[in-house]
Number of protein chains: 2
Amino acid sequence: MDSAGAAETGGYQPWSEVTPDAARRLLVAAVETFAARGYHATTTRDIAARAGMSPAALYIHYKTKEELLHRISRIGHDKALEILETAADGPGSPAERLAEAVRSFVRWHAAHHTTARVVQYELDALAPEHRSDIVALRRQSDAAVRRILADGVRAGEFDVPDVPGTTLAVLSLCIDVARWFNAAGQRTPDEVGALYADLVLRMVAAKP
Amino acid sequence: MDSAGAAETGGYQPWSEVTPDAARRLLVAAVETFAARGYHATTTRDIAARAGMSPAALYIHYKTKEELLHRISRIGHDKALEILETAADGPGSPAERLAEAVRSFVRWHAAHHTTARVVQYELDALAPEHRSDIVALRRQSDAAVRRILADGVRAGEFDVPDVPGTTLAVLSLCIDVARWFNAAGQRTPDEVGALYADLVLRMVAAKP
DNA sequence: CCGGAGGGTGAGCAAGCGCTTAGGACTTTG
DNA sequence: CAAAGTCCTAAGCGCTTGCTCACCCTCCGG
């Protein structure tokens with residue numbers, strides 16, 4: 001369990017935007033414990049101990065435990081949105097862009113399922129004022145996917161009777177990967193990404 | 001919030017297997033608070049207060065707070081499994097059975113999204129010995145869906161390169177309805193069920 | 001060599017937690 | 001009508017929680 005963070009990400013996950021070093025170690029420790037036990041079941045002592053510090057050290061870098069969650073959620077949502085928008089606004093046909101969006105979004109949720117679990121499933125633990133700016137990011141993610149679907153319908157590539165509903169379903173399917181994905185399982189993030197991209201393309205394909 | 005339980009279910013949800021009356025009231029209160037705030041964020045005082053009793057009353061009917069969760073999880077998983085197996089072993093072609101399975105499973109998750117949220121997303125809060133018998137039920141659910149897919153492939157109705165992976169995706173898609181479904185939203189459980197049945201059929205359809 | 005700033009600790013507070021206990025009010029039964 | 005059983009409560013115990021505070025390092029420019 002101690003090296004789960006490094007093992008999960010293949011040894012490379014920056015969190016480089018978090019400084020100084022001690023603040024980053026605390027944040028990484030928080031991600032790991034939040035993911036394993038849930039936000040409410042995690043104590044500030046758990047986090048500090050995992051980061052190799054005393055309980056009081058946490059409060060030098062963060063005002064509250066909730067601020068830690070908010071920072072994690074913010075960084076994760078920024079990344080998720082970036083992935084989707086890159087694919088949505090990239091080159092290629094709607095089908096290619098949709099496949100790339102699903103593939104990379106799913107790959108991220110699988111490879112970083114620890115982070116993703118916190119980001120996607122601990123929203124309700126945020127304070128209302130923090131929750132609302134995260135919800136805004138989620139709406140942008142929704143808009144990115146919807147944009148691809150609408151483009152595909154307009155181009156005649158897709159047959160999607162209910163664009164908002166299908167958008168919801170596609171995002172829901174991808175997000176839920178964070179819940180069930182197990183790093184010790186058989187499938188690699190790449191494999192899951194490829195499978196899901198295929199399934200989603202079938203969901204929207206125009207009947208020839 | 002007080003009448004949310006009744007409103008959500010259209011005034012009819014039995015929990016009839018739970019007796020006596022006070023035990024059922026406590027259990028319903030627990031479902032509502034667990035769903036709204038999460039298991040760990042819910043106190044035994046919250047539950048008792050919502051059921052209109054003193055904190056001590058809970059311990060007449062349940063040994064621990066965790067036993068309450070286990071009972072809820074057990075009843076919910078029994079119901080979910082029954083829905084899937086009824087569809088899987090029912091009459092009709094594989095496509096019809098798959099559509100019916102998804103439609104009824106999704107309808108249940110939407111109509112009873114409060115219960116479903118607890119059942120599907122609070123598994124980790126169970127004690128290990130309780131968790132394992134719930135996991136066994138989930139494996140049976142997985143087997144039911146897999147059975148339909150395998151039948152469809154054998155009959156040449158479906159084109160599914162990865163049956164275990166697609167089974168996982170279908171269940172994941174349906175389960176996640178409990179997370180995002182909002183009783184105050186525009187869609188009815190029936191509508192979501194119909195949409196999802198269509199999407200899933202497209203995912204597995206053989207190319208003509 | 002000094003002094004202050006930034007990063008850390010040990011001890012602990014007030015509040016809230018799950019759960020227990022002693023006992024009381026009703027209802028059912030002989 | 002007493003005895004027994006059922007259901008519930010008021011009070012509170014022992015512990016853990018998020019967080020604070022007084023103090024202590026170590027580094028570094030002057």
Side-chain angles (χ1 to χ4, degrees), chain A residues 15-73 118 122-131, chain B residues 15-73 118 122-131:
Chain A
W15 294 112
S16 53
E17 56 271 72
V18 184
T19 53
D21 194 72
R24 178 168 47 246
R25 270 157 51 218
L26 283 163
L27 189 133
V28 169
V31 168
E32 289 167 0
T33 28
F34 289 166
R37 295 207 265 275
Y39 174 80
H40 288 292
T42 299
T43 71
T44 55
R45 285 165 178 81
D46 290 337
I47 299 169
R50 185 178 265 263
M53 300 182 198
S54 78
L58 197 150
Y59 293 91
I60 296 165
H61 301 282
Y62 303 95
K63 277 211 294 285
T64 63
K65 175 179 148 186
E66 192 266 350
E67 187 194 323
L68 253 175
L69 177 63
H70 180 231
R71 284 268 246 277
I72 293 166
S73 200
V118 178
E122 300 285 359
L123 262 181
D124 291 342
L126 288 170
E129 68 274 20
H130 287 159
R131 199 173 184 283
Chain B
W15 294 111
S16 53
E17 56 271 71
V18 184
T19 54
D21 193 72
R24 178 169 49 245
R25 269 157 51 217
L26 283 163
L27 189 131
V28 168
V31 168
E32 289 166 2
T33 24
F34 288 165
R37 295 206 262 277
Y39 174 80
H40 288 293
T42 299
T43 72
T44 55
R45 286 165 176 82
D46 290 337
I47 299 169
R50 185 178 266 262
M53 299 182 199
S54 79
L58 196 151
Y59 294 91
I60 296 164
H61 301 281
Y62 304 94
K63 278 212 290 288
T64 63
K65 173 179 148 186
E66 192 267 350
E67 188 194 320
L68 252 176
L69 177 63
H70 177 56
R71 284 268 246 278
I72 293 167
S73 199
V118 177
E122 299 287 358
L123 263 181
D124 291 342
L126 288 170
E129 68 274 20
H130 287 160
R131 200 173 183 282

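Below, chains carry the letters A, B, ... as their sequence lines are ordered, and counting in each starts from 1.
Going from atom CD1 of B:Ile72 over to atom CG of B:Leu126 covers 10.0 Å, rounded to the nearest 0.5 Å. Rounding to the nearest 0.5 Å places OH of A:Tyr62 at 7.5 Å from CD of A:Glu67.
Among the nucleotides D:dC21, D:dC8, D:dG18, the one closest to any side-chain atom of B:Ala22 is D:dC8.
Between A:Asp46 and A:Arg50 there is no salt bridge, since no side-chain N of the basic residue sits under 4.0 Å from a carboxylate O of the acidic one.
Between B:Ile47 and the choices B:Leu58, B:Leu27, B:Val28, B:Val31, the side-chain contact (heavy atoms from CB on, under 4.5 Å) rule is met once, by B:Leu58.
Side-chain contact check for B:Tyr39 versus B:Lys65: some heavy-atom pair is nearer than 4.5 Å. The shortest side-chain heavy-atom distance between B:Asp124 and B:Arg131 falls under the 4.5 Å cut-off.
If you take OH of B:Tyr59 and P of D:dA11, they are 19 Å apart, rounded to a whole angstrom. With rounding to whole Å, B:Tyr62 atom OH is found 11 Å from D:dC8 atom P. Here the C1' atom of nucleotide D:dC19 and the NE2 atom of A:His61 are 16 Å apart, to the nearest Å. A:Ile60 has its CD1 atom 13 Å from the C1' atom of D:dA22, to the nearest Å. One interatomic measurement links the two molecules: CG of A:Leu68 to C1' of D:dG18, which rounds to 12 Å at whole-angstrom precision.
Both A:His40 and B:Met53 lie close to DNA chain D; mapped to their nearest nucleotides by heavy-atom distance, the more 5′-ward contact belongs to B:Met53.
Once you apply a 4.0 Å limit to the heavy atoms of chain B, the touched nucleotides of DNA chain C run 5' to 3' over C:dC17 to C:dT21.
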